[in-house]
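Keep in mind that the numbers below use all heavy atoms, side chains included, and drop hydrogens, waters and symmetry copies. Chain letters run A, B, ... following the sequence lines, proteins first and then strands; every chain starts at 1.
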Amino acid sequence: MPELPEVETVRTGLEKAIKGAAIHKVTLRRKNLRIPFPVNFTTVLQGKTISGIGRRAKYLLFSLGKDDVLIAHLGMTGRFTVTNKTPVLLPHDHVIIELNDGRSLMYNDARRFGLMTLAKQARLGAHPLLSALGPEPLEKAFSAKYLKQELVKRSGPVKSAIMDQKLVVGVGNIYASEALFLAGINPLKPAKTVGDKSSELIATIRKVLHDAIASGGSSLKDFVQVSGETGYFQHHFNVYGRGGKPCFTCGTPIRSTRISGRSTFFCPDCQK
DNA sequence: CCTTGAACCTGCGGGC
DNA sequence: TGCCCGCAGGTTCAAG
């Protein structure tokens, strides 16, 4: 998936494109993504107005009228696009949401790690997908005091800690490496040993996410904006994907390793 | 409880 | 050219 900045960019794009639109018809071209579609999925959507599009962590929350919410997650390869006319179906177009104005909202997801399900607005926070999530990284609850208190509890690598959605949401594999580089922290260090860096780490997490949102979220080679235009590595990374290449700060070759199965990049000189 | 590794699934690029 | 392997933005479950 897209990490938080990409999801936020999709949210903004969808809000501009389809907020206020009414749903005419929904077609599911398979019975599940990562999880099954609810049995009443199409009937709940049909006839509803998309009254707003929110976000919690990497989940998109489509308000359907007053009471119902469509929860969507893009997984690794999920894409929403809005078509003007009757869509030409592409491979992995799994959901077609036809709007009353003749346009269609398409969901395409090659790997099907994404999901769509339904919730009631009144009980949204208690939904199993959302109830255990940590604070939003760009909001106040993610404070230096809170982060320190969480870090010192953990013996695993600090990178795993900041990618744990129970500690803080929205930080994925790319921005975890990038934030740790800016903070000068080696991603392999045990979380409990970097508690006194929590203030710097918060600042760099916010900076990398904020900058990515400002640049349109588009760091990923197959990330597609709602309009259908692709964002193709427009974003500048200091370390992610730069294994063996010289650090922009000191020239030392960027090292690549794996932490909890995820590729990880850091400068052995700048990050202690 | 905590942490790691595998699994989910498809496509793509590199090496042979 | 073609095949095989490894790898990819996330999350969840099992096993240690």
Any side-chain N or O of [X] under 4.0 Å from OP1/OP2 of [N]?
| X | N | result |
| --- | --- | --- |
| R258(A) | dA8(C) | yes |
| S155(A) | dT3(B) | yes |
| H73(A) | dT11(C) | yes |
| S263(A) | dA8(C) | yes |

Ring of F248(A), cation from R242(A) - is the NZ or CZ under 6.0 Å from the centre and inside 45° of the axis? yes

Nearest-angstrom distance from the residue atom [atom1] of [X] to [atom2] of [N]:
| X | N | atom1 | atom2 | answer |
| --- | --- | --- | --- | --- |
| R111(A) | dC9(B) | CZ | C1' | 6 Å |
| L4(A) | dT11(C) | CG | C1' | 16 Å |
| L167(A) | dC1(B) | CG | P | 17 Å |
| R262(A) | dA6(B) | CZ | C1' | 13 Å |
| F237(A) | dA8(C) | CZ | C1' | 13 Å |
| K189(A) | dT3(B) | NZ | P | 17 Å |
| I35(A) | dG10(C) | CD1 | P | 18 Å |
| L133(A) | dT11(C) | CG | P | 9 Å |

Which nucleotide wins on minimum distance to the side chain of [X], given the candidates [options]?
| X | options | value |
| --- | --- | --- |
| R34(A) | dT10(B), dG10(C), dC7(C) | dG10(C) |
| Q165(A) | dT11(C), dT3(B), dG10(C) | dT11(C) |
| Y59(A) | dT3(B), dG10(C), dT11(C) | dT11(C) |
| H92(A) | dT10(B), dT11(C), dT3(B) | dT10(B) |

With R55(A) as partner, the option from E8(A), E15(A), E6(A), E139(A) fulfilling salt bridge (charged side-chain N to carboxylate O under 4.0 Å, His left out) is E8(A)

Parallel, tilted or perpendicular, judged at 30° and 60°: which one describes the rings of F37(A) and F41(A)? tilted

Is it true that S51(A) and K19(A) share a donor-acceptor pair across their side chains at a distance under 3.5 Å? no

Does the side-chain ring of F113(A) sit on the six-membered ring of the dC8(B) base, less than 5.5 Å centre to centre and under 30° in tilt? yes

Using a heavy-atom cut-off of 4.0 Å across all strands, would you classify L129(A) as base, sugar-phosphate, or nothing? sugar-phosphate

Contact class for P91(A) (heavy atom, under 4.0 Å): base, sugar-phosphate, or nothing? nothing

Could you give the distance separating dA14(C) and dC9(B) at their P atoms, to the nearest angstrom? 16 Å

Is there a side-chain contact between E98(A) and I23(A) (heavy atoms, below 4.5 Å)? no

